[in-house]
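Structure, as structure tokens:
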Amino acid sequence: MAGPWEKYQNRPIDTPPLAEPWTKYPPHTADPASPQNNDGDPVATAEQRFGLPPGLLNAVISKESSGNTGATSGKGAIGLTQIMPDTARGIGYDPDALKRDP
């Protein structure tokens with residue numbers, strides 16, 4: 001079965017970009033092009049800091065935890081983006097701290 005990523009592969013470089021799947025999620029800023037206008041929203045700040053398209057991180061949060069900061073999966077993934085504790089440790093985060101401060 002073909003995956004959704006296949007439509008992004010083998011496209012000529014000069015073709016216009018495809019509508020990304022996360023564009024249906026509203027960005028967290030009134031003006032996504034302005035890094036100063038994030039209204040104190042940590043999600044928008046993270047998107048801007050790491051160069052993510054506005055709305056992408058919100059889409060991940062929506063799908064993974066529905067915005068529930070205390071979400072825990074049956075496999076043990078935690079938090080808004082459902083990161084595994086060992087993965088969090090591996091990138092320098094304390095999983096218990098993530099539970100308290102997403």
Side-chain angles (χ1 to χ4, degrees):
M1 182 172 167
W5 57 88
E6 289 182 0
K7 68 181 178 179
Y8 298 99
Q9 297 175 343
N10 301 322
R11 291 179 52 238
I13 294 173
D14 59 349
T15 59
L18 297 169
E20 306 298 344
W22 55 83
T23 57
K24 69 180 181 177
Y25 296 92
H28 284 272
T29 63
D31 180 6
S34 172
Q36 301 301 321
N37 189 9
N38 62 21
D39 299 323
D41 184 352
V43 174
T45 300
E47 287 174 341
Q48 291 166 355
R49 178 178 176 200
F50 296 106
L52 298 173
L56 175 60
L57 193 50
N58 188 34
V60 171
I61 289 169
S62 178
K63 289 294 181 185
E64 293 295 331
S65 68
S66 299
N68 177 2
T69 59
T72 303
S73 76
K75 298 286 184 179
I78 58 171
L80 292 172
T81 58
Q82 291 292 278
I83 189 167
M84 292 299 285
D86 287 342
T87 302
R89 281 186 209 92
I91 59 174
Y93 289 95
D94 176 11
D96 292 325
L98 288 175
K99 289 178 185 178
R100 293 187 305 275
D101 183 11

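Of all the heavy atoms in E47 and N58, the pair that sits closest is OE2-N, 3.6 Å. Taking each heavy atom of L52 and L56 in turn, the nearest pair found is CD2-CD2, 4.1 Å. Minimum interatomic distance between P95 and I78 (heavy atoms only, all atoms of both residues): O-CD1, 3.5 Å. Of all heavy-atom pairs between L57 and A46, the closest is CD2-CB, 3.9 Å. Nearest heavy atom pair, residue G76 against residue P85, reads O-CD, 3.3 Å.
Looking at Q82, its side chain never comes within 3.5 Å of a backbone N or O of S65 through a donor-acceptor pair. The closest donor-acceptor contact from the side chain of S66 to the backbone of N68 lies at 3.5 Å or more, if one exists at all.
In this structure, L80 and V43 have side chains that are not in contact, with every pair of non-hydrogen atoms separated by 4.5 Å or more.
Atom OG1 of T69 is separated from atom CZ of R100 by 13.0 Å, given to the nearest 0.5 angstrom.
In the hydrophobic clustering of this structure, L98 groups with I91; members are Ile, Leu, Val, Met, Phe, Trp, Tyr whose side-chain heavy atoms approach within less than 4.5 Å, directly or through other members.
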